[in-house]
Protein chains: 2
Amino acid sequence: MDKQLLIECHARIKPFIHNTPVLTSRLIDEMVGAALFFKCENFQRMGAFKMRGAANAIMQLSEKQKQNGVVTHSSGNFAQALSLAAQSLGVRAYIVMPENAPQVKKNAVKGYGGQIIECEPTLEARERESKQIQEKYGATFIHPSNDDAVILGQGTACMELLGFHPDLDYVVTPVGGGGLIAGTALAAFYFGNECKTIGGEPFEVDDAYRSLQSGKIEQNSTSNTIADGLKTQLGNRNFPIIQKHVEEIIRVTEEEIVFAMQLIWERLKIVCEPSSAVALAAILTKKAKFSGKKVGVIVSGGNVDVGNLPFKRLG
Amino acid sequence: MDKQLLIECHARIKPFIHNTPVLTSRLIDEMVGAALFFKCENFQRMGAFKMRGAANAIMQLSEKQKQNGVVTHSSGNFAQALSLAAQSLGVRAYIVMPENAPQVKKNAVKGYGGQIIECEPTLEARERESKQIQEKYGATFIHPSNDDAVILGQGTACMELLGFHPDLDYVVTPVGGGGLIAGTALAAFYFGNECKTIGGEPFEVDDAYRSLQSGKIEQNSTSNTIADGLKTQLGNRNFPIIQKHVEEIIRVTEEEIVFAMQLIWERLKIVCEPSSAVALAAILTKKAKFSGKKVGVIVSGGNVDVGNLPFKRLG
């Protein structure tokens, strides 16, 4: 995928997304010994960067495809993103969700006009159900992360960040299914000035770290992390981009994630998801690497249950 | 205090404050049936609007006064604001704090270069101690809310908001010591187009509501509210302004405050103090009044212990 595709993608989705603000914190900069620029995708429409890729994927469809709608299986942000993007574009969205998904997530999807199809909480059931929707309605399946149009869309956050700060040395993102980091790596490569892309990943779901080591897509055997958006694995579309353009994936502990998340909340005064904090946690874990550098940080989203937070009470 | 004083004040403090962003939420607008513009002073330096008044008060002093430093008694945001404003201006700040104030608040004041003088946790002890500092060092006492320079400084948030949205019908603020609402009311009067100022106040500390009823400054007999920044009472400098320029004070329950705060966190994705949420709570309590109107909301601050939040876990 080349530079021109990213430029066209950004021009295409611009009317349907926010150019989110970039925040800084003197105190966090002092802690790291670097200049950090937080691209706040928690302020994106529906509260996460996923809106970008979802909008681009739908806009790339033919008129005939749009008439038949789109389908995905997700219980997370992509379900909401595809619903809202589809609603904005006058397209029907079918969302296959496990029947035990939290009611609040079901309500969010419904609120954005998505049509929920419940299934058993297994990967097989989700895939079978979404196949049926494709056959029944002719709907087009959109994968949350392993799809070229989605990858390009996610890369536009980094494009916007580099538009304001063209001289970043690094850009750091969390790594889940690989769509965000692959798109970011492309944007950093084409629009940065030798800007390198780094991933942050929980030790508990370090499949991307191990995939880069082994040269093939690895799976997670555990998924015991607070960063619930990062439990998914890489795919054949994004993995080659990650192999080519991502310098390093830094792993972090659960304690490091919570610490970084609390810093973001208390110092930047913004609400972000645990998954988002993994990028800052990675930077804090390897301060020497970032010392004296200009570093972009993609704060990926802000959809979190504020009644169920991991923070400890202060003294 | 006239229009020119506000203009001069804003020009004076501009280099030392942030022109904070204004956020909106489609969902909150739908809930209220109005267009709300949230002026986010949680993103202000040190995390609250108090930075504005503190900077203005210090900048109005003579060179001789600046050399001798400033003193206040506060355990809240004004202590941090005066410390940081003084530090930015090369002035010494003495902060009289009750010895039982939380360590985190003492650390924040120290972090901004304030010099803490501890005293017994009574109003008498605080006033005696700050008198002694004035005598010993020749320091100038700056009141957190009942001071003309402070009132003017706090009014600049509303000036900035009206700069972006000149046609607001209402601007709503929380009411504590009266500095913010008095400054806001002056700004709305001079810079708005028939923009009316409304206060939000907890039933638990409804001294301002009762003061407007009785025509004299009333005190609180209880202080059992989560909005810990609003426990203070009005003063002789701000009360006449409030009497003249504030249309109404709307009282809210503790449940209404928590509900509004959760809405702000979950929908605007920002961290705000309970006191800040009182303004939105007031609007939600009297929706009919605001129906179809353009309403500014001053989100007063974001300094909160995220380990000790009132939110309920979602289903």
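A, B, ... follow the sequence lines: proteins, then strands. Residue 1 opens every chain. If you're wondering where the values come from, they're calculated on a predicted model, not measured in any experiment.
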Does A:Lys106 pair with A:Glu118 as a salt bridge, N-O distance under 4.0 Å? yes

Is a side-chain donor-acceptor pair under 3.5 Å present for A:Arg45 with A:Ser88? yes

At a heavy-atom separation under 4.5 Å, does B:Ile270 approach chain A through its side chain, its backbone, both, or neither? both

Please classify the contact of A:Asn303 with chain B as side chain, backbone, both or neither, using a heavy-atom distance under 4.5 Å. both

Would you call B:Arg52-B:Glu41 a salt bridge at under 4.0 Å N-O? yes

Does a donor on one side chain sit under 3.5 Å from an acceptor on the other, for B:Thr20 and B:Lys39? yes

Measuring heavy-atom distances to chain B, does A:Leu27 have an atom under 4.5 Å in its side chain, in its backbone, in both, or in neither? neither

